[in-house]
Amino acid sequence: MRGRFLCSEARAACGFPVNDVVLRVEDWARLGVPAFVKVVICENRTNFLALPPIPGVLALWGEGGAAAGLLPRFPWLRDAQVIYWGDLDPSGLGILAGLRRSLPKVQSILMDDATLNFHSAKLLPAKRPVG
């Protein structure tokens, strides 16, 4: 699983010399993460790589559906502030639901009614008057 420390303080607190880290799932599970570190889980690699520096944040790339099955096995996530950013589609919402079964306090970003309605209105053709 791949992670990116989006700030040097979080990286140093976890004892890593580099920001971009790939570890086996078992090694991520044993990681000691201080309580101040927030975790952003991204379903998509593009979103994961595009995240800018953010104070106190560790980003994890869940590689699609892997997030729901693997991340709940990380004991340190139970006490962390966890944010999930996935696709606003049945698969993404299913992953979010799976995460919430083990981590009920998971928050989501850009996966809400306001985002869906805003983009649906832009994508759907305008209704033409009948007659």
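Predicted, not measured: the structure shown is a model, and the values here were computed from it.
With R4 contributing its side chain and V21 its backbone, the two residues share no donor-acceptor pair below 3.5 Å. Using a distance-only test at 3.5 Å, with no hydrogens or angles considered, a donor-acceptor pair links the side chain of W28 to the main chain of M1. Between the D89 side chain and the S91 main chain, a donor and an acceptor come within less than 3.5 Å of each other.
Between V82 and I41 the shortest side-chain heavy-atom distance falls below 4.5 Å. The closest side-chain heavy-atom distance from W76 to V39 is below 4.5 Å. Using a 4.5 Å cut-off on side-chain heavy atoms (C-beta onward), F16 and L23 make contact. In this structure, K105 and R100 have side chains that are not in contact, with every pair of non-hydrogen atoms separated by 4.5 Å or more. Counting heavy atoms from C-beta on, the side chains of W85 and L51 come closer than 4.5 Å.
For the 3.5 Å distance criterion, the side chains of R11 and N19 qualify, holding a donor opposite an acceptor.
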Problem set entry | Worked verdict on V106 versus L96 for side-chain contact (heavy atoms from CB on, under 4.5 Å) | CA-CA 8 Å; V106 169; L96 177 60; 3.9 Å; yes
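Hydrophobic clustering places L58 together with V18 (ILVMFWY residues linked when any side-chain heavy atoms are closer than 4.5 Å, directly or through intermediates).
Listed here is the closest heavy atom pair of D87 and E43: N-OE1, 2.8 Å. Smallest separation of non-hydrogen atoms from N44 and W61: C-NE1, 3.6 Å. Residue A10 comes nearest to C7 through the heavy atom pair N-SG, 3.3 Å, listed as atom of the first residue, atom of the second, then distance.
A cation-pi arrangement is absent between R2 and F48, since the terminal nitrogen or guanidinium carbon is not both under 6.0 Å from the aromatic centre and inside a 45° cone about the axis.
The salt bridge (Lys or Arg N to Asp or Glu O under 4.0 Å) search around R30 returns D27, not counting sequence neighbours. Residues passing the side chain to side chain donor-acceptor pair (under 3.5 Å) test with Q107, sequence neighbours excluded: Q81.
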